[in-house]
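Hydrogens, waters and symmetry mates are skipped; everything else that's a heavy atom, side chains included, is used.
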Amino acid sequence: MKYKFLLILTIIPLISFAGGREIYSENCEKCHGFSRQGSLGLPLYRSTIANHSDRYLQRTIRNGRPGRVMPGFNLSDAQVAKLIRFLRAGVKAPKYDTALIKGDIGAGQYTYEQYCKRCHGDNLEGGQGTGKNFSWQKDREVSPPSLSNQGFLYAASDQMIKHIIINGIEDTEMISFAKEFNFTDQMTNDLVAYIRSHQKEFNSGEDTIDEPLVFIYKSPHDLDATVSKLRESAAAYNFRVYPNRTLFEGLGEPNIEDNKQIVVRFCNFKNMQEFLKIDPRLGVMLPCRATVVENDEGEVSIIIENYKHALRRFNNDQMNESADELIQKMQEMIEEVLW
Amino acid sequence: MVARILVLFAILLSTSVFSNHNELLIERVNTKFSYTWLALDKTIKAHNYKPAYLQRCDFALNERHYKTDKYRILFFGKYDEMKSMSKKYPGLAVFFPLKITVMEEGKHTLIIATPPITLLPLVDSGEDSLTIFRWQEDMKSILRQVKSQYEK
């Protein structure tokens, strides 16, 4: 009975005839907002989309932004077409020549550093954090997108990039550089060539992490000693340590056996605040914890999650870079307990 | 039995076609934090899970970048099931109880969770995989139902 119900649940999406709005609501609204005002993702106003060719939108939807939060979507051609029609809301699709633009990369780099770097970053990596996130007061209304992201470079034609530099994007901080700074055609071409020089072979397949999901360490101490050493060690590593919990606290009648599975929770506020600015979804990884378990044979282990896997789920390179140190610190902290 | 195999098949199919690998599960709820929180609590219970406790993320409160303190994590689970699963596979313990992060964003709320199918590599029998698939479907269903309660 239970299983039949599950079967029906999983088959429903296979046979839906959703329109563009529904496809948007199902897949995009979580990041781009109910009225496309932006959130974790960029605003997708009609005036923004007016700059985007169908090819740009198709490729963006299919491949997303690897390492920059947006996933790729396995939607059918028909679904993608409906979605694009919905996003355009009546505005005609621009067409760009797909011929590459020739320019002087060195000269382009110079212009980039003068005019663009302060927003799009030293290495074109985009602003800290993404989109237009309402939870944070950032220094900008919208975090400037990455121009070196392989998903972006694969989707955007040279002509489209040129068009945006020249005309800007209406009602955003991306101003018209032809109007405001008298960019010449040559300057713009050089700039486009410089941006294009960041493109690598596009590889939408993700590399897998060849590491376990969890690390299990045998403790040489008994349960109580392991827990208290763990707390001491966490404090020594500048974590704030919370009161212990039993693993199933609040889930069932308190049971003697439950005292053999203890969760030690700790946080480093400074780290957490940095992470939150990069990706507000951080909470799914919190709090940092180590679980201490004594089995029926009286053996005690410390189990921690391999946060590398958890981080991968954010599809956020900035997050990965900042987390390496934290992961290493946790491992050292545990090793000290085992010693 | 046949139904079970079909279910497994259908789930495998649906997870490969529709969700992208292990992407985080996210839904945007068209109401403010406090309503979302209540709806979540109710919906979790309606799915026969027990809300266990909440974790406030007070680390963000004094931070000048943060405009709201509406950021919490709700932990929930099923005692017997999770107890027997973690006994069999100790590695699973670090993922228990299950949790959903709730954060206010302007007039809306985001609810976010790690997809339980990421735990599949930790178990080694079809039966136990099915349990994890069920958590996955329940998690998705909980998030969707909370969202749908406030749809325009």
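Only the backbone of B/V29 comes within contact range of chain A, with heavy atoms under 4.5 Å apart. Contacts between B/L110 and chain A at a heavy-atom distance below 4.5 Å involve the side chain alone, from C-beta outward. Looking at B/I73, the atoms closer than 4.5 Å to chain A (heavy atoms on both sides) all sit in the side chain, from C-beta outward. If you measure heavy-atom distances from A/S301 to chain B, you find no contacts under 4.5 Å at all. Within the 4.5 angstrom heavy-atom criterion, atoms from both the backbone and the side chain of A/R281 approach chain B. Contacts between B/Y53 and chain A at a heavy-atom distance below 4.5 Å involve the side chain alone, from C-beta outward. Using a 4.5 Å cut-off between heavy atoms, B/K83 touches chain A through backbone and side chain atoms alike. With a threshold of 4.5 angstrom between heavy atoms, B/N30 approaches chain A through its backbone and through its side chain. For a residue to count as touching a neighbouring chain, one of its non-hydrogen atoms must lie under 4.5 Å from one of that chain's; by this rule B/A93 touches chain A with backbone and side chain alike. When heavy atoms are compared at a cutoff of 4.5 Å, B/T118 approaches chain A by way of both its backbone and its side chain. No part of A/N295 comes within reach of chain B, as not one of its non-hydrogen atoms sits under 4.5 angstrom from that chain. Contact of A/L247 with chain B is made through backbone and side chain together, with heavy-atom distances under 4.5 Å. When heavy atoms are compared at a cutoff of 4.5 Å, B/F75 approaches chain A solely by way of its side chain, counted from C-beta outward.
The aromatic rings of A/F34 and B/H108 stand perpendicular to each other, their planes meeting at an angle above 60°, with 30° marking the opposite boundary.
B/Y79 and A/L251 make their closest contact through CB-O, 3.7 Å (heavy atoms, listed as atom of the first residue, atom of the second, distance). Of all heavy-atom pairs between A/S25 and B/E151, the closest is OG-OE2, 4.4 Å. Contact detail for B/R28 and A/E29: the closest heavy-atom pair is NE-O, 2.8 Å. Across all non-hydrogen atoms, the minimal contact from B/S86 to A/F248 is OG-CZ, 3.7 Å. Contact record, A/R289 with B/V94: CZ-O, 3.3 Å, taken as the closest heavy-atom pair. In terms of heavy atoms, B/I26 sits closest to A/C31 at CD1-SG, 4.4 Å.
In this structure, B/K50 contributes its side chain and A/G250 its backbone to a donor-acceptor pair below 3.5 Å. Between the A/K30 side chain and the B/I112 main chain, no donor and acceptor come within less than 3.5 Å of each other.
Of the listed residues (B/K78, B/R72, B/M82), the greatest number of heavy-atom pairs within a distance under 4.5 Å of chain A belongs to B/M82. In terms of heavy-atom pairs under 4.5 angstrom with chain B, the leader among A/D258, A/V263, A/V284 is A/V284. No other option in B/K99, B/K87, B/E27 has as many heavy-atom pairs under 4.5 Å with chain A as B/K99.
For the atom pair CG (B/L24) and CG (A/D279), the distance works out to 8.0 Å, reported to the nearest 0.5 Å. In this structure, A/E26 CD and B/R144 CZ are separated by 5.0 Å, a value rounded to the nearest 0.5 Å.
Side-chain contact between B/F95 and A/V214 is present, with at least one heavy-atom pair separated by less than 4.5 Å. B/P121 has its side chain within reach of A/L213: a pair of non-hydrogen atoms, C-beta onward, lies under 4.5 Å apart. Within the 4.5 Å cutoff, side-chain heavy atoms of A/Y242 are placed close to those of B/Q55.
Taking a 6.0 Å sphere around OH of B/Y35, one finds it holds 12 or fewer heavy atoms contributed by other residues, nucleotides or ligands.
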